[in-house]
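Below is one structure, written out as structure tokens; comments come after it.
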Amino acid sequence: MTTHTDQTQQTQQTRLEASAAALHTPVIAWFEANARDLPWRRPEAGAWGVMVSEFMLQQTPVVRVLPVYEQWLARWPRPADLAAEAPGEAVRAWGRLGYPRRALRLHGAAQAITERHNGDVPSEHAQLLALPGIGEYTAAAVASFAYGQRHAVLDTNVRRVFARTVTGVEYPPNATTAAERRLARALLPEDEARAAGWAAASMELGALVCTAKSPDCGRCPVAAHCAWKLAGKPAHEGPPRRGQTYAGTDRQVRGKLLAVLREAVAPVPQQALDAVWDEPVQRARALDGLVSDGLAEPLADGFYRLPLT
């Protein structure tokens with residue numbers, strides 16, 4: 001006997017399948033005609049190039065990543081090349097991309113790839129996920145973009161596209177939910193190559209058209225099917241969107257301290273670090289944080305350097 005709940009679930013599933021069918025072809029076609037020519041999308045980038053880009057692009061715009069990415073791959077074209085150097089060199093080369101712990105995590109991943117996988121980025125999702133510094137998103141992204149596999153790749157751009165086109169709300173929740181993961185899996189095309197294309201296409205759509213502040217619905221290939229647009233673009237009703245404050249924060253102080261260490265060829269005395277920020281309590285807290293995170297190494301007589309081990 002079919003219950004009301006069963007009927008509701010069947011109706012929702014039917015609508016979801018219809019939404020997926022309506023989205024896949026136009027979004028993928030739009031991507032093929034409009035995708036940016038980015039170095040990590042070229043065949044010669046390989047899985048290592050894709051992995052490096054995914055680390056760098058977290059919370060950092062493409063325009064800032066491009067020059068650092070090119071320099072990084074020129075210096076360390078394979079994981080073993082990076083693994084052979086001190087982690088502090090990864091932090092130095094990271095420059096001003098921000099969130100420099102990503103550099104340490106990428107260095108740790110390169111070491112693990114060299115030790116466990118003969119220097120080749122593994123293709124299996126579980127092996128990727130087992131690497132240090134690799135979370136669910138990065139493992140899925142590398143498996144999908146580098147190896148053409150079928151995985152739900154949920155970054156901020158994709159989540160926003162799904163929230164608007166399918167769920168009918170302006171923004172997704174602040175943190176990824178189980179419901180979003182289920183939706184992403186349900187929207188995946190069955191064909192593996194098509195699923196990988198869909199992952200890249202939906203991400204690019206969010207980056208270029210379905211943007212956070214100024215969505216260009218006139219350029220959207222699926223505007224006619226967008227639940228949010230069809231509902232009249234209702235305003236966001238969830239928790240306030242988190243701002244990205246920087247000036248005056250510990251993060252700014254950490255950046256200033258780390259810049260001194262990056263630019264130095266020898267250990268830096270405490271006095272040189274003291275000169276970059278007037279407030280001593282915040283400065284000390286920021287420096288302690290760098291040491292705790294493994295981004296700075298304290299030496300004898302009050303000297304500091306980038307980490308060697």
Side-chain angles (χ1 to χ4, degrees), residues 12 15-38 40-41 53-54 56-66 98-99 137-138 140-141 144-145 151-189 194-246:
Q12 290 174 339
R15 287 176 179 170
L16 189 56
E17 290 172 357
S19 294
L23 296 175
H24 292 158
T25 297
V27 170
I28 292 172
W30 172 86
F31 178 73
E32 291 172 348
N34 296 279
R36 291 168 291 181
D37 178 21
L38 299 173
W40 46 86
R41 288 178 175 163
S53 76
E54 289 300 333
M56 291 185 173
L57 287 165
Q58 294 167 21
Q59 299 176 286
T60 307
V62 166
V63 68
R64 289 180 57 201
V65 166
L66 282 169
Y99 303 100
Y137 164 78
T138 304
S144 179
F145 301 150
H151 294 282
V153 184
L154 268 179
D155 81 335
T156 301
N157 290 314
V158 176
R159 294 174 60 224
R160 187 170 57 253
V161 168
F162 291 174
R164 290 173 178 170
T165 57
V166 180
T167 312
V169 296
E170 185 177 13
Y171 297 117
N174 284 335
T176 306
T177 65
E180 287 182 283
R181 294 187 179 93
R182 288 194 297 270
L183 174 61
R185 290 193 294 268
L187 289 175
L188 270 179
R194 189 168 174 82
W198 164 250
S202 55
M203 186 176 294
E204 189 80 336
L205 184 66
L208 299 184
V209 175
C210 194
T211 59
K213 295 182 179 179
S214 303
D216 190 352
C217 299
R219 292 176 54 217
C220 180
V222 290
H225 304 285
C226 177
W228 181 59
K229 184 174 183 294
L230 293 173
K233 298 183 179 179
H236 179 64
E237 295 182 350
R241 305 295 295 168
R242 291 183 298 218
Q244 293 256 345
T245 57
Y246 182 72

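The first residue of the sequence shown is numbered 1, and numbering continues consecutively from there. As the structure is a prediction and not an experimental result, all values here were calculated from the model.
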- Task: Any chance you could lay out the side chain to side chain contact (heavy atoms under 4.5 Å, CB included) test for Val62 and Leu38, step after step, and finish with the verdict?
- Result: CA-CA 9 Å; Val62 166; Leu38 299 173; 3.9 Å; yes
- Carefully, step by step, assess Trp228 and Thr165 under the rule side chain to side chain contact (heavy atoms under 4.5 Å, CB included). CA-CA 6 Å; Trp228 181 59; Thr165 57; over 6 Å; no
- Begin from the C-alpha positions of Thr211 and Asn157 and carry the test side chain to side chain contact (heavy atoms under 4.5 Å, CB included) through to its verdict. CA-CA 7 Å; Thr211 59; Asn157 290 314; over 6 Å; no
- From CA spacing to verdict: salt bridge (Lys or Arg N to Asp or Glu O under 4.0 Å), Glu170, Lys233: CA-CA 7 Å; Glu170 185 177 13; Lys233 298 183 179 179; over 6 Å; no
- Query: Going through the checks in order, is the side chain to side chain contact (heavy atoms under 4.5 Å, CB included) test met by Phe145 and Glu54?
  - Reply: CA-CA 10 Å; Phe145 301 150; Glu54 289 300 333; 3.5 Å; yes
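Under the 4.5 Å side-chain criterion, counting only non-hydrogen atoms from C-beta, Val161 is not in contact with Val209. With contacts defined as side-chain heavy-atom distances shorter than 4.5 Å, the pair Asp155/Met203 qualifies. By the 4.5 Å heavy-atom criterion applied to side chains, Asn34 and Leu208 are not counted as neighbours. Residues Phe31 and Leu205 fail the side-chain proximity criterion, which asks for heavy atoms closer than 4.5 Å. Side chains of Leu154 and Arg181 form a contact here, defined as non-hydrogen atoms less than 4.5 Å apart.
When all heavy atoms of Ala199 and His151 are compared, the pair lying nearest together is CB-O, 4.5 Å. Contact record, Arg160 with Ala212: NE-N, 3.3 Å, taken as the closest heavy-atom pair. Heavy atoms only, all atoms of each residue included: Ala140 and Ala152 are closest at CB-O, 3.6 Å. Nearest heavy-atom pair, Pro221 versus Val27, reported as atom, atom and distance to 0.1 Å: CG-CA, 4.3 Å. For the pair Ala22 and Pro26, the tightest heavy-atom approach, listed with the atom from each and the gap, is O-CG, 3.1 Å. Of all heavy-atom pairs spanning Pro189 and Ala195, the tightest one is O-CB, 3.5 Å.
For Arg159 (side chain) and Tyr171 (main-chain N/O), no donor-acceptor pair under 3.5 Å exists by modelled atom type. Under the 3.5 Å distance criterion, the side-chain polar atoms of Glu32 are left unmatched by any main-chain donor or acceptor of Ala29.
In this structure, a donor-acceptor pair under 3.5 Å is absent between the side chains of Gln58 and Tyr137. A donor and an acceptor atom, one from each side chain of Thr25 and Arg194, are located under 3.5 Å apart.
Atom NE2 of His225 is separated from atom SG of Cys220 by 9.5 Å, given to the nearest 0.5 angstrom.
Between Trp198 and Phe162, the angle of the ring planes stays under 30°, which puts this pair in the parallel group of the 30/60° scheme.
The residues Glu204 and Arg41 are annotated as salt-bridged, a charged nitrogen and a carboxylate oxygen being separated by less than 4.0 angstrom.
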